[in-house]
Protein chains: 2
Amino acid sequence: MNNPSLYKGILRPIVIRLLEEKKKMYGFEITREVKSLTAGRVKITEGALYPLLHSLEAEGVLESEQQFVDNRMRKYYKLTPRGKKVSKHSFGEITEFVTHLQNIFNLKPA
Amino acid sequence: MNNPSLYKGILRPIVIRLLEEKKKMYGFEITREVKSLTAGRVKITEGALYPLLHSLEAEGVLESEQQFVDNRMRKYYKLTPRGKKVSKHSFGEITEFVTHLQNIFNLKPA
DNA sequence: AAATATACATAAGAATCTTAGGTATAACAA
DNA sequence: TTGTTATACCTAAGATTCTTATGTATATTT
């Protein structure tokens, strides 16, 4: 991506949001989805994503289930009930965050 | 602030943007301005701000000038000519960043 | 046969912040 | 006058979150 450091701290809410919308995704799919939603500009690295997924699972926000497709392993993740609460909260924070950016940078749509 | 890690990576563009708009500011003033622009929600810590100002100056993005007001030192910063170019670029990145957030989080205004 | 894509994973190090401390002056309250 | 709050600068240690580099393995395309 253009300036990776902008996205520092935002990966976690992104993953949670995508799982809220898609119900069930595997890691590689998440990287593709973010690329697609941002016209190829935002590339989540695997070195960031997989450890994050593991810690979200350890926190009880996500739960996983393995499947084999074409002899290749996929690890599907979805929100737990607790994850759904976290998701609502996280979404509120992001909404506020974007509002703040619009105020600070004078980006408010006319 | 609510979730400090969201703002990780965004402090630098914020400082540059404020100096683009206000022409000349000192550190303490920047923390107050950000608080005011975000209804008290975003608090820039001095431990983050001052080292950042120093490194922006070392990079040639900012230049400083000391003044004494009421026996207290103030260090005013402003953008250098090079800083103004950096500012334009940085602003473009932020605009794109916010657009991406709106796409990922489905925040596009109706 | 080699390269690319899919799909997972970890570890070292970089970047960016928080927390905690320090110095000093001015204004206000107890 | 003594303590507290506000102003105004600063640094260092540590936490968090990422990038970069590397590894394993299978499937598909060139």
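Just so you know, these numbers use all the heavy atoms, side chains as well, and skip hydrogens, waters and symmetry mates. Letters go in sequence order (proteins before strands), and every chain restarts at 1.
- Per the geometry, CE belonging to Met73(A) stands 9 Å off C1' belonging to dA9(C), to the nearest Å.
- For dA15(C), neither phosphate oxygen OP1 nor OP2 lies less than 4.0 angstrom from any side-chain nitrogen or oxygen of Ser5(A).
- Along DNA chain C, the nucleotide nearest to Tyr77(A) and the one nearest to Leu52(B) differ in position, and the one closer to the 5' end is contacted by Tyr77(A).
- Residue Tyr50(A) has no polar side-chain atom (N or O) positioned under 4.0 Å from OP1 or OP2 of dA9(C).
- Put simply, Arg12(A) has no side-chain N or O that comes within less than 4.0 Å of OP1 or OP2 on dC18(D).
- Going from atom CD1 of Ile44(B) over to atom P of dC17(C) covers 9 Å, rounded to whole Å.
- Between the C1' atom of dA15(C) and the CG atom of Asn3(A) lies a distance of 11 Å, rounded to the nearest Å.
- For the pair Lys75(B) and Tyr26(B), the cation-pi test (distance below 6.0 Å, angle within 45°) is failed.
- Phosphate contact (OP1/OP2 of dC8(C), side-chain N/O of His54(A), threshold under 4.0 Å): absent.
- Under a cut-off of 6.0 angstrom, the local environment of NZ in Lys78(B) is sparse, with at most 12 non-hydrogen atoms contributed by other residues, nucleotides or ligands.
- Whole-Å rounding puts the Lys35(A) NZ to dA5(C) C1' distance at 10 Å.
- Rounded to whole angstrom, the span from the CD1 atom of Ile14(B) across to the P atom of dT16(C) amounts to 14 Å.
- Residue Lys75(A) has its side chain nearest to dC8(C) when only dA27(D), dC8(C), dT25(C) are considered.
- The base of dT16(D) sits with one of its N or O atoms less than 3.5 Å from a complementary donor or acceptor on the side chain of Lys8(B).
- When every heavy atom of Ile104(A) is checked against every heavy atom of Glu21(B), the shortest pair comes out as O-OE1, 4.1 Å.
- Among the atoms of the strands shown, base atoms are found under 4.0 Å from some heavy atom of Arg72(A).
- There is no side-chain donor-acceptor pair under 3.5 Å between Thr80(B) and Glu63(B).
- For Arg32(B), the side-chain atoms get nearest to dT7(D) when compared with the rest of dT7(D), dT19(D), dT17(D).
- Residue contacts shown for Leu53(B) are absent, as no nucleic acid heavy atom lies under 4.0 Å away.
- Backbone-only engagement by Gly27(B) is indicated by non-hydrogen atom pairs under 4.0 Å involving sugar-phosphate atoms exclusively.
- Rounded to whole Å, the distance from OH on Tyr76(B) to P on dA8(D) is 8 Å.
- Within 6.0 Å of atom NZ in Lys84(A), 12 or fewer heavy atoms from other residues, nucleotides or ligands are found, so the atom counts as exposed in its surroundings.
- Here dC10(D) presents its P atom at 13 Å from CZ of Phe28(B), a figure rounded to the nearest Å.
- Note: OH (Tyr7(B)) to P (dT18(C)) measures 11 Å, nearest angstrom.
- Phosphate contact (OP1/OP2 of dA26(C), side-chain N/O of Asn71(B), threshold under 4.0 Å): present.
- Both Pro51(B) and Tyr26(B) lie close to DNA chain D; mapped to their nearest nucleotides by heavy-atom distance, the more 5′-ward contact belongs to Tyr26(B).
- Checked for salt-bridge contact, Arg41(B) and Glu96(A) meet the test: a charged N lies under 4.0 Å from a carboxylate O.
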